[in-house]
Amino acid sequence: MKARVHVSFKNGVLDPQGKAIGLTLANLGFDGVGDVRQGKLIELDLAESDPGAARKSVEAMCEKLLANTVIENYAIELEED
Amino acid sequence: MKARVHVSFKNGVLDPQGKAIGLTLANLGFDGVGDVRQGKLIELDLAESDPGAARKSVEAMCEKLLANTVIENYAIELEED
Amino acid sequence: MKASVIVFPGSNCDRDVQVALANAIGGPVDMVWHGDSEMAKTDLIVLPGGFSYGDYLRSGAMSARSPVMREVVARAEQGVAVLGICNGFQVLTEAGLLPGALLPNAGLKFVCRDVQIRVENSQTLFTNGYQAGQTLRIPVAHHDGQYFVEPDRLDEMQAGDQIAFRYCAGEEGRKNNPNGSIDDIAGVFNRRKTVLGLMPHPERAADASHGGTDGQGLLNSLVSALS
Amino acid sequence: MRNEPNITPEQVAEHGLTQDEYQTILHVLGREPNLTELGIFSVMWSEHCSYKSSKFWLKTLPTEAPWVICGPGENAGVVDIGEGKAAIFKMESHNHPSFIEPYQGAATGVGGILRDVFTMGARPIANMNALRFGAPKDAKTRHLVSGVVAGVGGYGNCVGVPTVGGEVNFDAAYNGNILVNAMTVGLADADRIFYSAAAGIGNPVVYVGSKTGRDGIHGATMASAEFDDATEEKRPTVQVGDPFTEKLLIEACLELMATDTIVAIQDMGAAGLTCSSVEMADKGGVGFDLDIDKVPQREEGMTPYEVMLSESQERMLIVLRPGTEAQAQAIFDKWQLDFAVVGHVSDTGRFTGRVDGEVVFDIPVRPLVEESPEYERPWVKPAAPAPTAPVTAPMGHMEALQSLLAGPDLSSRRWVWEQYDHTVMADTVRKPGGDAAIVRIHGSGRGLAIATDCTPRYCRAEPHQGGAQAVAEVWRNITAVGARPLAITDCLNFGNPERPEIMGEFVGCIQGMGEACRALDFPVVSGNVSLYNETHGQAILPTPAIGGIGILDDLERHADLALRRQDDILILIGGTAGHLGQSIYLRHLLGRSDGPPPPVDLAAEQRNGNFVRELITESRVDTCHDLSDGGLLVAAAEMAMAGDIGLELSGPDEAGYWFGEDQGRYLIAVPAGEAAEILQKAAQAQVPAEKLGRSGGGTLTLNAGAPISLSELRRTHEAWLPDFMRNDLHE
Ligand SMILES: Nc1ncnc2c1ncn2[C@@H]1O[C@H](COP(=O)(O)OP(=O)(O)O)[C@@H](O)[C@H]1O
Ligand SMILES: [Mg+2]
């Protein structure tokens, strides 16, 4: 089973990368681009095949390592092979 | 319209971050985690409302700025408001 | 006084701080490998600068979960002094020993230069050798030094005198705050003032050939408080 | 051996081999090669690995001195610096990959040169970087500057080695072909240097570091091919660097080197496992027998061809003493690095690879190395430049100064070096921004001075003078801080050597370098050649980048460019003829590039330099700056800005005097009471010296003209690069 974890900054936390991308896109002549946010997408191959167990384990990984919940949110998507 | 761009290393390109995450998850006692890859997820708010035009414009952004196609792939998802 | 420097894979200021501390103490300093879950009795634990685990994922994230950190947290709870410099500061926030988090610099670039910082609280074991309000010139060298903390928590920290150092007036024509830190914060304490994290590197301003010795006071403060 | 289809002429050509070279392969093997063997020959005989166009001329460079422990031929050069210590250093190019992927190209360039140095037993203590970009107005330049600088910093900062200096040039000749040259200096015990010659039949051959993937296959042949639009289309896989693993590898290797287990060690650089194995076997006069399937692999289904040609980063090959495998493995396990016994040293004299016991390649080592092509390519001596046309000053000298300091050639490089950690290791005594950088030899009162230099526009105008000038300028920069110059490394960046005029530039530069090295007793101990730096037949400027080191026996006695006191007398050392040919003044203010470069008088260079160094080591001078691009007035202004102390200058009202680039010159500042004696000493030593002005105040004044404030001067000097780079985003 594959898991995809999307980690993004919480609202209210400055996202300088997103801001810089927005600015550069404007400089490059791309009009009509509003807010830009940059997050991480972490893809994991899991041996676990039970979706419930897999989600629980990935949640634990997020809480323990993959996200810093002081500043970040995370969302998990599972995908069966 | 919103666009989500997923930028990831091409297959076969070393992903040092993914490698280190995998190592740490194993050290933390998470078993059964195979390959780990870390990519970027860039979310953009676009003024454009026509999906065809939006996709074309985001593709141009990817080629010009968001991805380095020498080592990275990108995938675009559009989402109407 | 006994001091211990933790070495994580990718630490690269471990030797620098060891040398500076040994000079201040006038005796040896223990080096502790991150994989060890036991540590000899010690009065001061230092988490050095560097790129532990390459700063991959988030700076300090992976080190904060290494076996030795459980021991560091336990010692900190017992009141043992803990000092985190640069990457060590990042590890301390990731491990929950200090509030807030360190984000990529607002300028998105690594920045290595001298900064001026103001001593905000000189009533601690880390800062007793300085005067409150005193200005120090100390180098920074980091990519992820933008301190962030929720506004409510920041108010609490102000009220509890938990701000250790702030970036202050710098060189002519340059922004003083090198990384966009909230409220110009360069270093913070825990509530009890037994844990300090800061981005500037006192060990790189600790002998005359560094071009300045303003960092020496921090090390001397510890020696006088803990010996 | 496995049966494989015959090699076609197209395959030969795709591997960058000529039909003649292929005939030699048939002769060496006595049969047709299989594809893996063809791949092995092609990388070993690429320009990058075999130096086939340059070997003949490289041999003419002086490489010896009593203090040289190991000259060219090993991974890096080794120099005795006294008190039982050795400095190990080398410079290398990563030009083509950096053009395609600036961040990773530059980063892996730094990684590669670090490995060359620590593989010999040294702890890296300083990095330098010499960078050449296209014209500022070229559309790609900003992106390349941003990515390269971030990449150099990204790697060096993470491994924790200070980047203490370098150079940055802009010129349209590099629009399609930037130069990224990185240098590392390391420190070792002089009696614990590690070499690459394999020995001991049956000894285990061990692979350590990262796993092998399909990275940069054909990187070495790419580095030896010209660019065209198709290259960008093909987008060859550029390697991604992992500085974290490199840091672990440094620590693990140094830990292993402290034990008594290593027979020979070599990093895997260009052409990876192939080149490292062949070199180790050849140097030891032995064979290597490898089990390809034992090589740690990151990807599935890799062919022997791919494993042998991969340029995955952060890998080393070691021959161990028998029976020490477990002891060695424990160290690499501790650092969580791969460790695998992948073969053994054999007495067959052959380089053999097996998969599941079946032989997949089998090549005699000696001829693979010795029969490699060597060309004495035809060359023509470039025509001597016409004399410099008359120069009419387009503006007042102070106005000219302001324009020069605020332009791409002479503006401050602070934006670059503040992205590099230049103070980690806590031994940086003189940071970037001065002449040579100084790093303390850890735990001692001595230091190493390090500088890189080259003036490519001089090399284009007159290669011989240009080559000599590059060496002389490095020597001068090291001297200017008070250090004794010891030796150099070089990185010879040129266009297509198959063109006689390019080969002429190469030959001229080498001859000039050799002459300067001999005259200044400044031998070449390591180096690197990068040819085919051309796009659409447009060659780069000939760029023999030179990196040098010197020793400071007492750190208390060194000089730096910043004025330190009010009322010091500024003295110019060295003769001034007012040579404006090829100067920045002509280029920046008049858009001209005519005339010969300033002549290099090596005897005067040495005399003037030795005089200045003696003053510094006698503690009579602590403020010194050498003169180079931009000439006298620029150097004086740099000293004033660095010390934040003004200057009142006087001299002839001639552009040539203030902006000429005559060689072998220094500015020193001494307390007023000592000036007379120093001038007298200079006269005795037959060293030209003249009083130029006096320090004080906060402005710069020339011949009682209108003063300009230092803070205004500094503002524009510091502004150009950040303004140019504003809002740029790398990655
Ligand atoms: N790419 C770079 N990296 C680090 N430092 C640099 C770089 N480019 C220039 N510098 C520093 O800026 C200063 C001025 O450089 P340069 O004008 O080339 O000096 P010089 O003319 O004395 O050789 C030197 O201290 C040099 O080390
Ligand atoms: Mg100089």
Side-chain angles (χ1 to χ4, degrees), chain B residues 2-48 54 56-77, chain D residues 96-105 107-108 111 139 143 146-147 151 154-155 158 209-217 231-248 297-302 306 310-315 335-338 727-731:
Chain B
K2 275 192 168 37
R4 291 156 60 98
V5 178
H6 177 199
V7 180
S8 57
F9 277 128
K10 285 186 175 170
N11 263 337
V13 174
L14 173 73
D15 173 9
Q17 307 225 44
K19 186 175 132 190
I21 294 171
L23 213 74
T24 304
L25 286 174
N27 288 347
L28 285 174
F30 289 101
D31 298 329
V33 181
D35 204 30
V36 181
R37 312 278 292 170
Q38 177 174 328
K40 291 177 215 161
L41 194 73
I42 300 160
E43 297 174 291
L44 308 145
D45 281 346
L46 303 176
E48 183 61 64
K56 252 184 97 170
S57 143
V58 176
E59 257 167 29
M61 294 178 201
C62 288
E63 292 286 335
K64 278 215 173 148
L65 179 72
L66 303 180
N68 180 343
T69 50
V70 177
I71 47 174
E72 293 172 328
N73 288 324
Y74 59 87
I76 300 170
E77 259 175 70
Chain D
H96 291 71
S98 301
F99 185 76
I100 296 169
E101 213 307 307
Y103 184 95
Q104 294 296 345
T108 50
H143 163 74
S146 153
Y155 208 99
C158 183
S210 277
K211 291 184 173 29
T212 296
R214 293 189 175 91
D215 310 85
I217 292 176
T231 322
E232 258 189 282
E233 277 307 296
K234 260 190 265 158
R235 304 226 140 140
T237 322
V238 173
Q239 305 94 294
V240 168
D242 182 359
F244 170 56
T245 298
E246 179 103 334
K247 168 69 176 164
L248 303 186
Q297 292 168 35
R298 197 172 77 227
E299 297 177 67
E300 303 205 340
M302 289 186 67
E306 290 171 324
S310 160
E311 294 196 347
S312 289
Q313 301 289 295
E314 292 95 22
R315 304 179 298 163
W335 293 98
Q336 294 196 298
L337 293 166
D338 272 290
N727 296 336
D728 184 89
L729 183 71
H730 71 84
E731 291 178 347

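Values below: all heavy atoms of this structure, side chains included; hydrogens, waters and symmetry mates excluded. Quick caveat, the model's predicted, so the values are computed rather than measured. All chains are named by letter (A, B, ...) in the order of the sequence lines, taking the proteins before the strands, and each is independently numbered beginning at 1.
Interatomic distance, CG of B:L14 versus OG1 of D:T108, reported as 11.5 Å (0.5 Å rounding). Here the OH atom belonging to D:Y103 is positioned 10.0 Å from the CD1 atom belonging to B:I71, to the nearest 0.5 angstrom.
For chain B, no part of D:S312 is nearby; none of its heavy atoms comes within less than 4.5 Å. In this structure, the portion of D:Q104 lying under 4.5 Å from any heavy atom of chain B is its side chain and not its backbone.
The two residues B:V70 and D:I100 have their closest heavy-atom pair at CG2-CG2, 3.5 Å. D:S210 and B:K19 get closest at one heavy-atom pair: OG-NZ, 3.4 Å.
B:N27 is listed as a side-chain neighbour of D:Q336, based on a closest heavy-atom distance under 4.5 Å. Residues B:P16 and D:V240 are in side-chain contact: their nearest non-hydrogen atoms beyond the backbone lie under 4.5 Å apart.
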